[in-house]
Student: 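Please find one structure pasted underneath; my questions will follow.
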Amino acid sequence: MTAGQKNECAFEAPPPFDMASIDDLRWPNDPGELPDWLFTDERIYALERDRIFRGPTWNYVALEAELPKGGDYVRSYVGSFPVVVARDMRGEVHVFENRCAHRGVEFCKTYRGNTRSFVCPYHQWTYDLTGRLAGVPFRRGVGGKGGYPEDFDLNEHSLRKLNAVCRNGVVFASFSDKVEPLADYLGPELLAEFDTIFNGRKLRVLGIHRNVLEGNWKLYQENLKDPYHATLLHTYLTTFGLFVAGNRTGIITDAKGRHSALLNAKPADRPANDESKADIRSFKPGMKLADPRVLDFVTEFDSPWSSSAITIWPNLILIRQMNILSLRMLVPQGPGRFMIVWTAFGYEDDSAEMTQHRLRQNNIFGPGGFLGIDDNEALKFVQDGLRQSVPRSGIAALGQDEESMDTVITDRAIRHMYRHYRDLMGF
Amino acid sequence: MSATVRSSVSFERLVELRLAVEAFHCDYADVLDRGDIEAWPDFFTDDGVYRVIARDNAEANMPLCLMLCEGKGMLKDRAYAIAHTEMYAPRYVQHQISLTRITGVDGAQIKAEANYAVFETLIDEPTRILQVGRYRDTFRLVNDRLLLADRLCVFDTVVVPNCVVFPV
């Protein structure tokens, strides 16, 4: 075996799923009706792991800015599956499972680092930066006794690799060979929103939040496809015009309905206290900030929108809100629980003042954010209701399936997502 | 208290300062544990800085904070948001602050550290550990009263349970 040899160990397709085993779960052919079991049933969760996260999807795993040098790596996830993202000495980025091929040890136990190789701590199996098994101790035994059989082939015991693709500094991975190229996967409208943020400028990671929500992971995708709540729940969005009905707003989806972007143009001043605000309890026309710097908006993008809240199916939320730039990676941990890894970033050539401004503005989001708190709590309340009550279906009935994009009192994007979900899941 | 501080300040002065800082922690915890959030900014100087940062970020030199207030205005805005604009389930919080030590004295400026734990209790749920961490403080003596010029809260509980509503 030569040093440059590639790791060819790949994942097999998931085994066939016995759909008869979920025959008791009935879902009328209406994506606006959402039965509780979608969010609570272990069998549905298992099927999601196979058909969505191991299926024909691209999953965000890291920013290249987290791995600037050869040998840099981060721990990450594709769905619930632990992976390592590593850059080899030639500069190429690899994504492989965080599970030793020998006995299953999750060998990478640090958030990030730099290394020449990954050594499993249990029996010292050693992998290179591409995930290829480079060596095992006592391969030929000791004193002619023991050791692996003559025909033991290191190459067959490498870490299994995922397909990886980088676009302007963002790394996505897929278990599937059938998934379309990333640009086609996103579609032209969503790609344009994505490229507004990732426009080739080098990124600087400002830091990472992690939190665990006691809810189903799909509720979070829904949350960002749900302009109805955005204009009702969040005082900071409504009162200061960051997102409110009555602004120039809209929601777009890709052709398949799996991704979306919630768009808003903040007025130069505060939004008018007109009749469109009458239903909004969170709208506080008299509220004044003692230090309004948190709301300063430095124009930096060639876009009509001051905010773009993008959902990329299935595991990514990408936020551009004024000068906040951040990614939220969803990591399901069972039907009723998921982790969010929030990565806040700016650009490498930001001035010190701009970096401080982004950090200050990040008070709005995150697990301690002015409106991050609202959402985290609301989703927990949803799951509390689904978990403990007599089962029933929820509804997502606002608006029309075909309507103009500037309607925001609508559940259109939620229904589009569940239509695509039904296809993927085989319902 | 560290050896360098001990050599420059008398033992009696250090004990006195430590007792004063511990009394400050008691008052600070009392205000937050009673839920009197709008009294919280008064523990800071007008230019006081308050940061809550995950230990992981702090050790990787990544500046992102869970909460960041630069000056009294932002402290007040944070308190106002919690009291009047944010939506969250009612809860009790309780601070335990321990191992207070004085790490530096420079005229009216005192540096100190302490460990903290914050417990959180929601309706019909068992009490949980919301956060454990370490305060790295700079106090200033203003009219014989200690005020925070800088409180950096570095928390070990990197994976936040749902959210952190109140300052720690």
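As the structure is a computational prediction, the values presented were derived from the model and not from experiment. Chain letters run A, B, ... following the sequence lines, proteins first and then strands; every chain starts at 1.
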Student: Donor-acceptor check, side chain of Ser10(B) to backbone of Arg13(B), threshold 3.5 angstrom: yes or no?
Tutor: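 Confirmed, Ser10(B) side chain pairs with Arg13(B) backbone.
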Student: If you count heavy-atom pairs under 4.5 Å with chain A, which of Met67(B), Lys72(B), His84(B), Glu70(B) comes out on top?
Tutor: Glu70(B)
Student: Between Asp156(B) and Gly133(B) (side chain of the first, backbone of the second, donor and acceptor by atom type, cut-off under 3.5 Å), is there such a pair?
Tutor: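 Checked: no pair found.
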Student: Please confirm whether Arg151(B) makes a cation-pi placement over Tyr28(B), using NZ or CZ under 6.0 Å from the six-membered ring centre and within 45° of the ring normal.
Tutor: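 Yes, Arg151(B) sits over the ring of Tyr28(B).
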Student: Please flag which part of Pro161(B) lies under 4.5 Å from any non-hydrogen atom of chain A: side chain, backbone, both or neither.
Tutor: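 The answer is the backbone of Pro161(B).
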Student: Where the side chain of Arg51(B) meets the backbone of Cys69(B), is there a donor-acceptor pair that is under 3.5 Å apart?
Tutor: no
Student: What part of Arg91(B) gets within 4.5 angstrom of chain A, counting heavy atoms only: side chain, backbone, both, or neither?
Tutor: side chain
Student: Quick one: which of Leu66(B), Asn57(B), Asp77(B) has the most heavy-atom pairs under 4.5 Å with chain A, could you say?
Tutor: Asp77(B)
Student: Look at Ala81(B), Pro63(B), Pro167(B) and state which one has the largest set of heavy-atom pairs under 4.5 Å with chain A.
Tutor: Pro63(B)
Student: Relative to chain B, which of His234(A), Lys284(A), Arg204(A) shows the most heavy atom pairs under 4.5 Å?
Tutor: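 Looking at each of His234(A), Lys284(A), Arg204(A) in turn, Lys284(A) comes out on top.
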Student: Which one, Ile340(A), Leu359(A), Leu233(A), leads in non-hydrogen pairs under 4.5 Å with chain B?
Tutor: Leu359(A)
Student: Against chain B, label Asn363(A) side chain, backbone, both or neither, depending on which of its atoms sit under 4.5 Å from a heavy atom there.
Tutor: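 For Asn363(A), backbone and side chain are both near chain B.
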Student: Would you check if the side chain of Gln361(A) reaches a backbone N or O of Arg358(A) as a donor-acceptor pair within less than 3.5 Å?
Tutor: no
Student: With a 4.5 angstrom heavy-atom cut-off, could you sort out which part of Phe365(A) is near chain B: side chain, backbone, both or neither?
Tutor: neither
Student: What part of Phe370(A) lies closer than 4.5 angstrom to a heavy atom of chain B: side chain, backbone, both or neither?
Tutor: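 Both backbone and side chain.
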Student: Hey, does the side chain of Ser326(A) reach the backbone of Ala344(A) with a donor-acceptor pair shorter than 3.5 angstrom?
Tutor: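 Side chain of Ser326(A) to backbone of Ala344(A), a donor-acceptor pair under 3.5 Å: no, none is there.
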Student: Tell me, out of Ala60(B), Gly71(B), Ala89(B), who's got the most heavy-atom pairs with chain A below 4.5 Å.
Tutor: Ala89(B)
Student: Tell me, for Asn162(B) versus chain A, whether the close heavy atoms (under 4.5 Å) come from the side chain, the backbone, both or neither.
Tutor: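 For Asn162(B), the contact with chain A is made by backbone and side chain together.
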Student: Are Arg387(A) and Phe39(A) in a cation-pi contact, defined as NZ or CZ under 6.0 Å from the six-membered ring centre and within 45° of the axis?
Tutor: no
Student: Are side-chain heavy atoms of Asn98(A) and Val83(A) found at a separation under 4.5 Å?
Tutor: no
Student: Give, as side chain, backbone, both or neither, the part of Glu59(B) having an atom under 4.5 angstrom from any heavy atom of chain A.
Tutor: neither
Student: Does the side chain of Leu219(A) reach to within under 4.5 Å of the side chain of Phe338(A), using non-hydrogen atoms?
Tutor: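 Side-chain contact under 4.5 Å: no.
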Student: Could you look at Phe166(B) and say if it's the side chain, the backbone, both or neither that has a heavy atom under 4.5 Å from chain A?
Tutor: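 Neither part, no heavy atoms under 4.5 Å.
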